[in-house]
A.B. asks: 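Okay, here's the structure, questions in a sec.
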Amino acid sequence: MYKGRILFVDDEPLILQSIKCLLRREPYAQDYILNPREALAHIDQYPPEVIISDFRMPELDGLEFFAEVQKKQPQTARIILTGYADMELLQPAVTKGLIHRFLFKPVSPTAFRHILSRELEVQLQARGQQPEPRSEDASLYLVGG
Amino acid sequence: MAEGLEESGMASPDQVWLEAHRRESDVGPTLRNDRVRVLEEQVMALSEELKIVYTELKDAQLRMYAHERLACLGEMTTGIAHEINNPLTYVMFNLSSLESELQALSECVDNSGSVTSDAVQLELKDTIAQCNTIVHDSVDGIERIREIVRNLKEFAYGQTPILEHFDISRNIEMSLKLAWNEIRHKVDVVKRFGETPRLLGYPKQMNQVFINLFVNAAQAISGHGELRIETEVKDGYVWVHVSDTGGGIPQAIQDRIFDSFFTTKPSGEGTGLGLGVVREIVKRHYGKLTFSSEEGKGTRFSIGLLIENPQLETLLAKQKKEKGYV
């Protein structure tokens, strides 16, 4: 049964590795890519329902990356990972619908897991694919930090 | 000694006198004396003007240095905060993963009853318990670092705020509300607000100042005590006095309390950034900050904010101009 797919893009390998460890028992498929251009090529073959990307990356920043993603696959949930300093730059992007939400580094691990599952659930339901029911405790729906 | 006026570019009183004396040597004595007197007076006037201009320049220079230092500090702390956030993120994630993996290991050990001896089981469980404690303590440490970074960011973000007119009593009430959860169990609040005019400043930063002082006051009190907040107008300043009936500040450390990262709180409770931030914010208002304290009796912090604040008025005019107001 299809359980969804999440793509993680960050130029810091240790961050990607830590996310991979954190989510290793989750039921959904996961892709971890360091280079946003490579990620853009990858999603053609393996379209994810949710993409989490860092903001500050060399070559292509998070917003530029998501602008390209939006053109290719407008339905995908676009979530940006950022330090607080970038707030001013990101607000207009949220208003325009370029990104759906931002998560502030450092994110609480529990909140991170919850938000990912929730976003995936929403996406799969919207596409008419029910995800497998999971037991979740009624924790706060936190926006990181 | 007497160089030409052109050469030196700036004549000393002696040179001027000599030059005048030389030029007028053909004229009669009375006229010459008058001429000399006039020139002397001119020189005195210029000298006085020079003194004033020099002092103003020196002041402006000092203000510029202070401003630049603050701006530099702000930039630095933002940079540092940002740099720390990445490794902070993956360490936090990794510690959480570690907790999960230890849990899985524990379950594995529980299920391996048939394959392992009791002694081995015990050994494994003990090791896992030890690992859990280590992880737990590390999470604690990471949370503290996160707090410090958050404080740093708050400090840095005070750098270009908007100047506004505000009411100090309302500001204090707001700050009390914000600090309430942290202080309610320890203090009875006594308020004595005088009639105070509206002030020009950075009200959000003043919130920070008061929250800091209120929380410090509450923490200084063991058990239960009084937090007294008084306002008055005196000598062109609005004064806010925050007093507590806490343990007081020992004489020995009184000159260090404003140092960044100085804290008397037990390990894990204070970041030591509070009073340093308070001082910086008061400085930004061109205000005054004093305190008096007696061990065993309590402490009183006094903040003076200018009623007429020409430097901030100038800054406000500049801000308005930059925003396109006329």
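Side-chain atoms are counted along with the backbone in the values below, which use heavy atoms only and exclude waters and symmetry mates.
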A.B. asks: First locate atom CZ of Phe104(A), then atom OG1 of Thr89(B), and finally report the distance between them rounded to the nearest 0.5 Å.
C.D. replies: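 Between Phe104(A) CZ and Thr89(B) OG1, I get 12.5 Å after rounding to 0.5 Å.
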A.B. asks: Extract all donor-acceptor atom pairs below 3.5 Å that involve side chains of residues 32-42 of chain A and protein atoms in other chains or at least two apart in sequence.
C.D. replies:
residue, atom, partner, partner atom, Å
Tyr32(A), OH, Gln30(A), OE1, 2.6
Asn35(A), OD1, Arg37(A), N, 2.7
Asn35(A), OD1, Glu38(A), N, 3.4
Arg37(A), NE, Glu59(A), OE1, 3.2
His42(A), NE2, Asp31(A), OD2, 3.2

A.B. asks: Among residues two or more places apart or on two chains, list those pairs meeting salt bridge (charged side-chain N to carboxylate O under 4.0 Å, His left out) that have a residue in residues 7-23 of chain A.
C.D. replies: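 Every candidate salt bridge (charged side-chain N to carboxylate O under 4.0 Å, His left out) pair involving residues 7-23 of chain A fails, so no pair, neighbours aside, qualifies.
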A.B. asks: Has Gln311(B) got more than 12 heavy atoms of other residues, nucleotides or ligands less than 6.0 Å from its CD?
C.D. replies: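 It does: Gln311(B) CD has more than 12 such atoms within range.
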A.B. asks: Mind listing the closest non-hydrogen atom pair of Ser18(A) and Phe93(B) along with its distance?
C.D. replies: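 Between these two residues, the closest heavy atoms are OG-CD2, 3.6 Å.
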A.B. asks: With a sphere of 6.0 Å drawn around CD of Glu123(B), does it hold more than 12 non-hydrogen atoms of other residues, nucleotides or ligands?
C.D. replies: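 Atom CD in Glu123(B) is not packed in, count stays at 12 or less.
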A.B. asks: Rounded to the nearest 0.5 Å, what's the gap from CG on Leu22(A) to CG on Asn94(B)? Could you check?
C.D. replies: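 Going from CG on Leu22(A) over to CG on Asn94(B), the span is 8.5 Å.
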A.B. asks: Could you walk me through whether Leu16(A) and Tyr90(B) pass the side-chain contact (heavy atoms from CB on, under 4.5 Å) test, one step at a time?
C.D. replies: CA-CA 8 Å; Leu16(A) 286 183; Tyr90(B) 63 78; over 6 Å; no
A.B. asks: Let me confirm one number: the CZ-OG distance from Arg113(A) to Ser96(B), rounded to the nearest 0.5 Å.
C.D. replies: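 Here the interatomic distance stands at 4.5 Å.
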A.B. asks: Find the distance between CG (Asp54(A)) and CG (Asn86(B)) and round it off to the nearest 0.5 Å.
C.D. replies: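 If I round to the nearest 0.5 Å, the distance is 6.5 Å.
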A.B. asks: Please check if the number of heavy atoms outside Asp44(A) that lie under 6.0 Å from its CG is greater than 12.
C.D. replies: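 For Asp44(A), atom CG is crowded (more than 12 foreign heavy atoms under 6.0 Å).
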A.B. asks: Roughly how far, to the nearest 0.5 Å, is the OG atom of Ser108(A) from the CZ atom of Arg146(B)?
C.D. replies: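 With rounding to 0.5 Å, CZ (Arg146(B)) is 6.5 Å from OG (Ser108(A)).
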A.B. asks: Measuring from Cys21(A):SG to Leu95(B):CG, what's the distance to the nearest 0.5 Å?
C.D. replies: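 Answer rounded to 0.5 Å: 11.5 Å.
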A.B. asks: How about CZ on Arg127(A), more than 12 heavy atoms from neighbouring residues, nucleotides or ligands closer than 6.0 Å, or not?
C.D. replies: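 Result for CZ/Arg127(A): enclosed.
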A.B. asks: Is atom CE of Met174(B) surrounded by more than 12 heavy atoms (other residues, nucleotides or ligands) closer than 6.0 Å?
C.D. replies: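 No - once you tally the heavy atoms of other residues, nucleotides and ligands closer than 6.0 Å, there are 12 at most.
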A.B. asks: Side chain, backbone, both or neither: which part of Leu23(A) has a heavy atom under 4.5 Å from chain B?
C.D. replies: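 Contact with chain B: none, neither part.
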A.B. asks: Is any side-chain heavy atom of Lys105(A) closer than 4.5 Å to a side-chain heavy atom of Leu88(B)?
C.D. replies: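 No, side chains not in contact.
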